[in-house]
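One structure is given below, encoded as structure tokens.
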Amino acid sequence: MPLTFLHTADLHLGKTFNFVEGDAGAGLRQKRLDAVTRLADLAAEHHAAFVLIAGDTFDSPTVDDRVLIQACERFKQFAVPVYILPGNHDPDAGPGSGSVWRRKAFVDHQPDNLHVLADPAPVRVDGHDAVILPAPLRYKSVAGDPTAHLTADLGRDLPGVTDRTFRIGLAHGSVVDFGANPDGVPGNLAPDRADRAGIDYLALGDWHGQKIVNPRTAYAGAPEPTGFRDNGAGSALVVTLGAHRTPPAIHPLPVTTTRWLRKEAELTTPDDLSELAAWFDQLDRPTDTLVRLDTRGGLPLTHLQTLEALLDTQSHRLLHLRRRGPGVHAQPTEDEIDALAPDGYLREAVAELRAAARAEGDDARAAADALHLLHRLQAETTTPRA
């Protein structure tokens with residue numbers, strides 16, 4: 001009879017986002033824990049017989065005890081077994097290794113339905129005609145293919161296993177070098193491992209985006225994105241195995257509550273500034289949205305002040321605003337220059353800064369920034385106090 005299960009990976013619970021500080025960073029870490037609850041709901045909704053987590057459940061072996069205990073409490077919400085594979089961020093090298101899976105806070109709170117597959121031996125799935133073939137990682141850096149032991153004979157000698165028993169592989173690694181060239185540079189995993197080993201479905205983790213490698217091999221992707229790369233992160237996979245050796249049915253399920261958006265803006269006119277403001281205004285769920293804003297260009301001093309006010313507001317409105325790119329430099333108008341220094345030594349200095357700002361290179365940017373600062377100081381000293 002058909003067998004349905006949920007495949008996820010790369011939860012990275014306890015991940016510290018160094019570029020997101022304060023409450024926003026804490027909020028991101030909380031959302032990753034909340035994703036476990038959403039996965040439990042999806043497993044129940046789709047009548048999954050069990051759940052597979054293909055590595056990197058935790059971001060490191062040194063995550064806080066609170067993260068471990070909070071995670072265990074959420075894993076109790078699953079009505080079915082959950083099988084976890086140690087990945088390169090949470091490897092298990094055995095007793096005394098500092099493994100997150102052997103820490104007292106985890107062992108004392110590990111629920112009965114949570115099974116850590118730290119041994120590469122095959123595991124029968126209770127109550128179902130299926131066997132899991134795990135390829136756990138013992139260390140953060142692994143030489144060779146951790147799935148090399150997944151052969152066509154592995155697990156066939158277990159009691160009750162027949163030729164019709166579903167064979168499900170569980171591994172963590174890369175079938176290609178996703179960072180360098182996702183289309184051609186080999187990774188450490190054999191992409192045809194499922195066919196070689198007679199595996200009905202090979203559940204993979206490590207690549208944070210969702211990717212169907214071949215009809216029997218897939219990356220579920222991280223349920224919550226970990227960066228601004230648009231790679232299809234934010235989902236899990238519900239997998240159904242049917243008739244013997246027919247390809248599985250693989251369906252993505254949205255999980256994430258956060259959105260990681262990239263926006264490029266070249267700002268040279270007031271209209272450009274208005275378009276950027278309109279783009280921010282149309283964002284729904286801003287408190288769940290992170291934006292990486294890459295800016296370039298040049299604006300008059302008054303418009304630069306408007307831009308800074310806009311971005312200051314958005315940094316409070318959004319979950320996080322990350323500013324990147326060359327930035328927008330000051331291009332003061334003649335009237336603005338005259339207003340900064342009508343006469344005297346300051347006017348001579350402003351004239352020199354203006355000339356430098358019209359040149360090219362780092363000195364021009366520094367001069368433009370100095371003019372911008374003068375304009376801000378002037379505005380602060382001339383604005384009447386309430």
Side-chain angles (χ1 to χ4, degrees), residues 5-15 32 35-36 39 43 48-61 63 68 71-72 74-75 78 80-94 97 99-103 106-107 110-111 113-126 130-142 144-151 154-155 166-175 187-190 193-194 197 199-208 210-211 213 216-223 236-237 239:
F5 56 91
L6 189 69
H7 168 202
T8 186
D10 299 288
L11 279 67
H12 287 277
L13 303 179
K15 181 176 177 61
R32 310 193 85 73
V36 180
L39 290 168
F50 53 90
V51 176
L52 300 178
I53 302 181
D56 288 359
T57 299
F58 295 102
D59 190 60
S60 79
V63 295
L68 298 181
C72 287
R74 281 163 172 76
F75 283 123
F78 288 82
V80 294
V82 178
Y83 297 92
I84 290 183
L85 185 82
N88 65 306
H89 276 257
D90 52 12
D92 184 88
S97 64
S99 166
V100 69
W101 310 111
R102 298 175 187 273
R103 285 190 24 206
F106 177 80
V107 173
Q110 180 180 355
N113 66 321
L114 187 62
H115 309 280
V116 180
L117 305 184
D119 192 308
V123 174
R124 284 296 305 271
V125 178
D126 290 341
V131 60
I132 299 173
L133 309 176
L137 298 187
R138 292 177 55 81
Y139 305 101
K140 184 174 181 62
S141 298
V142 178
D145 185 346
T147 67
H149 70 289
L150 303 185
T151 64
L154 184 67
F166 290 123
R167 295 166 57 78
I168 303 167
L170 186 60
H172 191 87
S174 57
V175 294
N188 65 323
L189 301 184
R193 180 64 63 195
I199 291 173
D200 293 288
Y201 180 76
L202 179 55
L204 297 180
D206 189 37
W207 175 238
H208 290 186
Q210 192 175 106
K211 184 177 181 65
V213 178
R216 299 185 186 279
T217 305
Y219 287 92
L237 295 174
V239 181

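In this structure, Ala54 and Ala203 approach most closely via the heavy-atom pair CB-O, 3.9 Å. Closest of all the heavy-atom pairs between Pro86 and Asp92 is CB-N, 4.0 Å.
For the atom pair CG of Asn113 and CG of Asp126, the computed distance is 12.0 Å after rounding to the nearest 0.5 Å.
Between Leu114 and Phe78 the shortest side-chain heavy-atom distance does not fall below 4.5 Å. The closest side-chain heavy-atom distance from Leu204 to Thr217 is below 4.5 Å. At least one side-chain heavy atom of Asp90 sits under 4.5 Å from a side-chain heavy atom of Asp56. Residues Leu11 and Ile53 have side chains in contact (heavy-atom distance under 4.5 Å, counting atoms from C-beta outward). Residues Asp10 and Trp207 have side chains not in contact (no heavy-atom distance under 4.5 Å, counting atoms from C-beta outward). In this structure the side chain of Leu189 reaches within 4.5 angstrom of the side chain of Pro146, judged on heavy atoms.
Side-chain atoms of Asp206 never come within 3.5 Å of backbone atoms of His172 as a donor-acceptor pair (strictly under, hydrogens ignored).
Using a 30° and 60° split on the angle between ring planes, Phe50 and Tyr83 fall in the perpendicular class, above 60°.
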Query raised in the report: When you look at Val80 and Phe5, which way does the side-chain contact (heavy atoms from CB on, under 4.5 Å) test go after all the steps?
Result: CA-CA 10 Å; Val80 294; Phe5 56 91; over 6 Å; no

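Under the 4.0 Å criterion applied to side-chain N and carboxylate O atoms, Asp145 and Arg193 are assigned as salt-bridge partners.
Legend: residues meeting ring pair (Phe, Tyr, Trp, His ring centres under 6.0 Å) with Phe58, ordered by chain and number and at least two apart, are Trp101. For Ala49, the side chain to side chain contact (heavy atoms under 4.5 Å, CB included) partners two or more places apart in sequence, or in a different chain, are Leu3, His128.
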